[in-house]
Amino acid sequence: MNETKVELDRLQEMLATLEQKNKQLRDEKAELLREKSVLEEKLNAALDGTGLCLWEQHIPSGNLTMFNMEWGSLLGYTIDELAAHIDSWKGNLHPDDRDWVINNFEDHLNGKTESYQVTHRMLHKDGSVSWVSDRGRIIEFDEDGQPLRIMGTHIDITKEKRYELDLSELAHKDPLTGLLNRKALIEAYEMSKTQDHAGGALLFIDLDDFKVINDHYGHKFGDSLLMLIADLLRQQLSEPLVIARLGGDEFVVLVNSSDRALLSELAQRVLACFMAPLDLENRQISVGLSIGICLHQGELSFAEVCDRADKAMYQVKRQGKNSFSFAL
């Protein structure tokens, strides 16, 4: 009996010790979970403040885990609308970027690159385009040496990209009319000289008596007239023709052809747009154009071809205006 009691006491002591250890482990686990929660909150606050999203993909299943941002929120979706899976990511890539982005991703999975790093577009739920800077690296392989997990980040750079694109456009566009400016025109001319075609032409277009209109109706009305003329030129001169505003009431058109018959027809078509008075701000305004045309074979600088077309345009003005003439 004494031996049995001793054994029971020993077992009770062991159970008490185990319960104490279990309680200690539970307390330690709870403390670790609290610390983990605090760290996750800090991480989320830090990452969300920068717009950076941390992701992980289980490669065999394709399942994605987002650590600090709901999946799809970048594109305007809820978790119920867009599954956190590699296929939904692929399905929302911009069509023009899809192939090369997926190829870049798979090159890393196949060991061809040290990391996956691209900047690409994705389609937002509302139909707009979002820009993403995406990068990742394999962090675990299975026992056969095959990639098991990849972890990375993506950041929404749509605002920055739009700003960059806007700056690029402003650098090449006339702020009043939206046509190309002088800088972009010169770049287009230099590029045209490298193309394989039989010469080209520059049409120098100047409004007749624009100063009279400007002085009579005011500069604001004059600006509205220039914008209207730019729109009419766009309507008549579609791509691949290059249309630009040099400044004031001077417009230039580049044509990848030196065919006089074609250029004459083009100039006549432009002049025909202004045969009847234009309706602008409850007024009817008669506008004439003088057009000088310079042919070239790519041997002239932009300044030279522009100067020759300008002289041909002034010859038209001396001969009565509202017509066109080829440079000698």
Side-chain angles (χ1 to χ4, degrees), residues 47-48 50-142 144-173 180 184 187-188 191-192 194-197 238-240 242 256:
L47 293 177
D48 289 344
T50 62
L52 191 68
C53 178
L54 186 64
W55 58 266
E56 179 184 311
Q57 182 202 339
H58 180 254
I59 297 171
S61 67
N63 292 329
L64 288 166
T65 301
M66 317 304 286
F67 290 96
N68 67 304
M69 185 184 295
E70 288 187 7
W71 171 245
S73 61
L74 170 68
L75 305 178
Y77 293 95
T78 66
I79 188 66
D80 296 327
E81 293 176 313
L82 192 66
H85 194 272
I86 189 68
D87 289 340
S88 59
W89 170 72
K90 291 179 180 179
N92 282 277
L93 290 170
H94 191 284
D96 293 340
D97 294 348
R98 183 176 294 123
D99 289 343
W100 72 265
V101 170
I102 292 175
N103 287 339
N104 192 295
F105 183 77
E106 292 180 347
D107 280 348
H108 178 56
L109 296 187
N110 293 327
K112 296 180 180 179
T113 58
E114 294 184 358
S115 64
Y116 159 72
Q117 183 172 339
V118 295
T119 297
H120 62 86
R121 293 165 292 177
M122 298 193 74
L123 298 179
H124 196 277
K125 181 181 178 181
D126 63 11
S128 62
V129 173
S130 295
W131 284 87
V132 175
S133 177
D134 202 4
R135 62 183 62 195
R137 184 187 297 273
I138 296 170
I139 59 171
E140 184 180 352
F141 295 85
D142 63 20
D144 297 322
Q146 296 301 309
L148 185 63
R149 290 190 302 138
I150 179 173
M151 180 174 281
T153 61
H154 70 224
I155 183 169
D156 184 355
I157 60 168
T158 303
K159 291 182 180 179
E160 292 83 353
K161 198 66 179 179
R162 287 176 179 169
Y163 180 68
E164 176 187 323
L165 294 173
D166 287 344
L167 285 180
S168 177
E169 183 171 341
L170 286 173
H172 290 81
K173 291 292 182 69
L180 296 183
E187 290 177 0
M191 184 175 294
S192 72
T194 66
Q195 296 173 356
D196 186 19
H197 55 75
S238 57
E239 293 184 357
V242 174
N256 288 336

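In what follows, residues are counted from 1 in the order of the sequence shown.
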>> Are the side chains of L180 and K173 in contact, using a 4.5 Å heavy-atom criterion?
In response: yes
>> Has D156 got a side-chain atom pairing as donor or acceptor with T158's backbone, closer than 3.5 angstrom?
In response: yes
> Per the side-chain contact (heavy atoms from CB on, under 4.5 Å) rule, which among L109, N63, I150 passes with Q57?
Replying inline: I150
> Between R162 and S128, what is the shortest heavy-atom contact and its length?
Replying inline: NH2-CB, 4.3 Å
> Taking it one step at a time, do M66 and H154 satisfy side chain to side chain contact (heavy atoms under 4.5 Å, CB included)?
Replying inline: CA-CA 10 Å; M66 317 304 286; H154 70 224; 3.6 Å; yes
> Are the side chain of S130 and the backbone N or O of H124 linked by a donor-acceptor pair below 3.5 Å?
Replying inline: no
>> Can you tell me how far apart CG (D97) and CE (M122) are? Round to the nearest 0.5 Å.
In response: 10.0 Å
Please output the side-chain donor-acceptor pairs of residues 131-139 that fall under 3.5 Å, not counting sequence neighbours, one pair per line with the distance.
residue, atom, partner, partner atom, Å
D134, OD1, W55, NE1, 3.3
D134, OD2, Y116, OH, 3.1
R137, NH1, E114, O, 2.9

> Taking all atoms of both residues into account, what is the closest heavy-atom pair of A188 and V242, and its distance?
Replying inline: CB-CG1, 4.1 Å
>> Check whether D144 reaches the backbone of Q146 with its side chain - one donor and one acceptor, N or O, closer than 3.5 Å.
In response: no
> What distance separates H85 NE2 from K90 NZ, expressed to the nearest 0.5 Å?
Replying inline: 9.0 Å
> So how far is it from T119 OG1 to K161 NZ, rounded to the nearest 0.5 Å?
Replying inline: 6.5 Å
> With E187, which residues qualify under side-chain hydrogen bond (donor to acceptor under 3.5 Å, both in side chains), at least two apart?
Replying inline: H172
> Do the side chain of N104 and the main chain of W100 share a donor and acceptor less than 3.5 angstrom apart?
Replying inline: no
> Once you round to the nearest 0.5 Å, how far does CD of Q117 lie from OG1 of T153?
Replying inline: 8.5 Å
> Looking at NE2 of H120 and CZ of F105, how far apart are the two atoms once the value is rounded to the nearest 0.5 Å?
Replying inline: 10.5 Å
> Just how far is it from atom CD of E106 to atom OG1 of T113, taken to the nearest 0.5 Å?
Replying inline: 11.5 Å
